[in-house]
Every structure is written in C-alpha cells, then in structure tokens.
Number of protein chains: 2
Amino acid sequence: MAYQSESLIAQAREIREASGVSQRALSERAGLTQSHISQIESGKMEPGLSSFIDLTRALDLEVMLVPKKLVPAVLNLVKARATRDMHIHAGQPNDKRFARADRLVKKMKHLYGSSADLDRIEDTLGFLRRVNLSDQEMQLVRELITRLERYQASAQAAPVVRDIAQNLQQLRNSIVHAAPSEPRPAYSLDDGDADA
Amino acid sequence: MAYQSESLIAQAREIREASGVSQRALSERAGLTQSHISQIESGKMEPGLSSFIDLTRALDLEVMLVPKKLVPAVLNLVKARATRDMHIHAGQPNDKRFARADRLVKKMKHLYGSSADLDRIEDTLGFLRRVNLSDQEMQLVRELITRLERYQASAQAAPVVRDIAQNLQQLRNSIVHAAPSEPRPAYSLDDGDADA
DNA sequence: CTATTAGATATAGAATAATGTATCGTTCCA
DNA sequence: TGGAACGATACATTATTCTATATCTAATAG
C-alpha cells in the first residue's frame, strides 16, 4: 500500500544506506524511533508528513514542492552535480558574489575604459552565474574574482586582467563543451510531457 | 504542532487558492475528503505522507527530495522561470534536440570546413543547453535549429548560417546580461549554509 | 430587511492507522 | 560463548482519516 510514497521512501533508504548510517543512528538524529524507521522502510506502514521530513532532514535532504513541468530540470540538477563531486554549492549564496563582481567590472570599464578582456570577463561571469558550478569550479571563480579585486587599481593591471579573462573563459569552455546529461537519472518519477 | 510541515502545507494552500480551486474540487481530484483538506490546511492535524502527495499531485506539483546544498538552486529554478511565464519546459526533453543540433553542426564543420559562424553556433548551443529557457526562448531556438537543418546543404548556406549564429548569440546575450535572481523567493524554507 | 439557496470551509465522533516502548532474532567480532 | 550492533516484531497509546453535519458568507427572491 501507499504506492505514491514508495519512491520517496526508497530514495531516503538508499541515501541512508549509502551514507553508512544505521536505523538507530538515524533515529537519534531524526528524533524518531528505530522501530518506526524499520516499519517505514519496509513498507509496513506509512509515515506522517512530519515524520518523513524529520527523517530526510537528518539525511541532509529537503522535501520540496516542484511544478511537474520542472521535475526533469530539477532531476538534472540533482543528478548531474550531485554525482559528479558529492558536495554542491548552490545558486543563491553565490549570486551575491557574482553580482558584486559584475559591479566591479562595470566600474573598471567606467574608470579605465572598456577593453576586450573586461568585456570577456563580464560576459563569462554572466554565463557562470547561470549554470550550477561544482565546489571546485566555484572556488576557482572565487579566487579569480579576488585577484581582480586586488589588482583592479594596480599599475600593471592589464596583464593580470587578461590572465583572469583567459582563466574564466577556459572554465566556461570546459563547462559548455562537456556533455551534460547522463543517460538517465536513477530516480523513476514520471516526466509527463514529451515535446510540443 | 507539526512545525516542519507548515511551510509545505502553506505552499500547497497558496497554490490551490491561486489556482481558484475549492477544497471540495481538490478533494475529488486528490481522492481525499474535503474535511480532511480543511483540517490539514488549518493546521488542526497533520497529513500522512501519501495524503500530502495526493494533494500536491492534484495541484500539478511533485514532492521531491533535494540535497540541502541544492535547495537554493532549485528555488531559483522554480521561482525564476515559473513566474516569468507560467509554462516551463524542462531540461531533459529538449536535451535530445540540442544533442541533435550539436551533431549537425559538427557534421557541417566536417563536410564544409570549419567557420567562425559554425563555431559560434556550436558554442552558443552549448550555453543555451545549460540554462533553463522559457517557452518563448526555446521556441526561438527550435526555429533556428530547424532553419539550420533545412539550409545545411543549400548553395547559399553561408549567409543563412551567419544569420542563425547572430540570432543565437543575441538570445544568449539577452540571457547572460539579464539580472537573474530576484530579491528573494516568497517561499521561506531555511537555506542552512551561508558560504564557505 | 428577512428568508433562502448555494457554495464554501469547519466541526463531531467512529473507524482506522501511525507512533513509542520494550523485546526478540541475527549476525559479526572478540 | 558473550556481547554489541543491526533490523524486525508485539502491544499500548495517540493521532489520522472518513462519514455526516454544522457554520459561515454571499447572492437573490420575497
């Protein structure tokens, strides 16, 4: 019974097992009892919404409502980056960083005049801000931005700016030309519409 | 009580009301009783996981598990595109189209030799494939790809290819240079981590 | 202004199912 | 063999969900 929730519960179980967490350990973190978790996972009963949320939070997961049309996109996001290198940084916290960098570049263009390199940096940042970057990738971006801030007023800024532009472009290219979507997400979850 | 699920239930309620669906109408579509929905929405009791899934499915929503780190990114996706123009196409169904277009460009480069325009098309498609496009934007891309397919072997392909490259670039620019994230999503949902 | 109807949401009480406590059966390792 | 960790089970308690009915609001007729 409870066919709708099977998939979600199975996902949670997989993640628990993949993390090497026992039902007991999880029960302590989640505030449920081990007995409860056992019955839920084995399908003998069905959890209340709150119980399920507690469970998943203890596994570092969040229950979210997603419009059906967006489900494949979200699956892409989750699967693609989640498997590539375990830790994923997000869009929003970094957005401020990007916005600040964007303002910096615009200011530099205004003060010292526009240049091909600055244009390239501005453009590339606009791109990188859109796609979801891995931790490594984001760290590289952070470093480059920091460098730009440091050397912005320096006497020999030009070669540094060029180098930053090149590095950003390189990162951009590596992302654009990598094949994005793997064969299929492991999750089942109906996708709904085909084309249009 | 049931503090964890309040946010999710509130979201569902908002969406029901925004859609102009009554509790009774929803109860029929979801297979629950109106009484049930009333108590759930007013916080007098807490739904089972399956009941909640039934509810949300009837509202064209899907309950998904998202790694905490990805929550802001998913919120961006949902909020940004969902409000911009109601209908959202997803990542996966269009991926095939992009992949086919990519193969086409590579084939043309192989047959007729590489050109700046073809390079630009290939690059831009790589970008557009990444970001999530609105319906309008995606339709434009579709048209351009269709045109490319039609004129690929034509005698005067060159000017057409150039025009397609320009159009794609233009679309790309409009996306890259538009400020992406609005002030804040209406949804509360804790985000957890700040930076790193 | 009152009465009535219809559509909505809220409430009452019975039936059913989830949840906690305590315990049991296995397996693995000392 | 002992014990320690894991997952499963039994039963008491509490909460859910359903059927049926009540309340509320707005609109219309008398």
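Quick note on labels: first sequence line is chain A, next is B, and so on, each numbered from 1. Keep in mind the model is a prediction, meaning the values are calculated, not measured. Atom set for the values below is all heavy atoms of this structure, side chains included, hydrogens, waters and symmetry mates excluded.
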Out of D:dT16, C:dA10, D:dC18, minimum distance to the side chain of B:M45 belongs to D:dT16

For the side chain of A:R24, counting heavy atoms from C-beta on, which of C:dT23, C:dG20, D:dT19 is nearest? C:dT23

Using modelled atom types and a 3.5 Å cut-off, is there a donor and acceptor pairing between side-chain atoms of A:N167 and backbone atoms of A:D163? yes

Counting only N and O atoms by type, is there a donor-acceptor contact under 3.5 Å from the side chain of B:K68 to the main-chain atoms of A:R57? yes

Figure out the CZ/P separation between A:F52 and D:dT16, and round it to whole Å. 18 Å

Specify the separation, in whole Å, of atom CD of B:E28 and atom C1' of D:dC18. 15 Å

Nearest whole angstrom, please: distance from the C1' of C:dA17 to the CD of B:E46. 14 Å

Determine yes or no for a side-chain-to-main-chain donor-acceptor pair under 3.5 angstrom, with A:S19 supplying the side chain and A:I15 the backbone. yes

Please list all pairs passing the salt bridge (charged side-chain N to carboxylate O under 4.0 Å, His left out) test where one or both residues lie in residues 22-37 of chain B, with sequence neighbours left out. none

Any chance you could measure B:L118, atom CG, to B:K109, atom NZ, to the nearest 0.5 Å? 7.0 Å

Nearest 0.5 Å, please: how far is CD1 in B:I40 from CG in B:L55? 5.0 Å

Measuring to OP1 and OP2 of C:dT9, would you say a side-chain N or O of B:R16 lies under 4.0 angstrom away? yes

Selection from C:dT19, D:dG7, C:dT9 that lies nearest to any side-chain heavy atom of A:S51: C:dT19

Expected string for nucleotides 23-28 of chain D under the B/S/- scheme (protein heavy atoms, under 4.0 Å, primed atoms plus P, OP1, OP2 as sugar-phosphate) is ------

Is the distance from OP1 or OP2 of D:dC6 to the nearest side-chain N or O of A:S22 less than 4.0 Å? yes

If you find the nucleotide of DNA chain C closest to B:A25 and the one closest to B:K44, which residue's nucleotide is nearer the 5' end? B:A25

Whole-Å distance separating the CG atom of B:L26 from the C1' atom of C:dA8: 14 Å

Distance in angstrom units between B:Q23 CD and C:dA6 P, rounded: 21 Å

Enumerate the residues from residues 34-42 of chain B whose closest heavy atom to DNA chain C is under 4.0 Å, giving them by residue number; use none for an empty result. B:Q34, B:S35, B:S38, B:Q39

Which whole-number value in Å describes the distance from B:R13 CZ to C:dA8 P? 15 Å

Given D:dC18, C:dT19, D:dA8, which nucleotide is nearest the side-chain atoms of A:P47? C:dT19

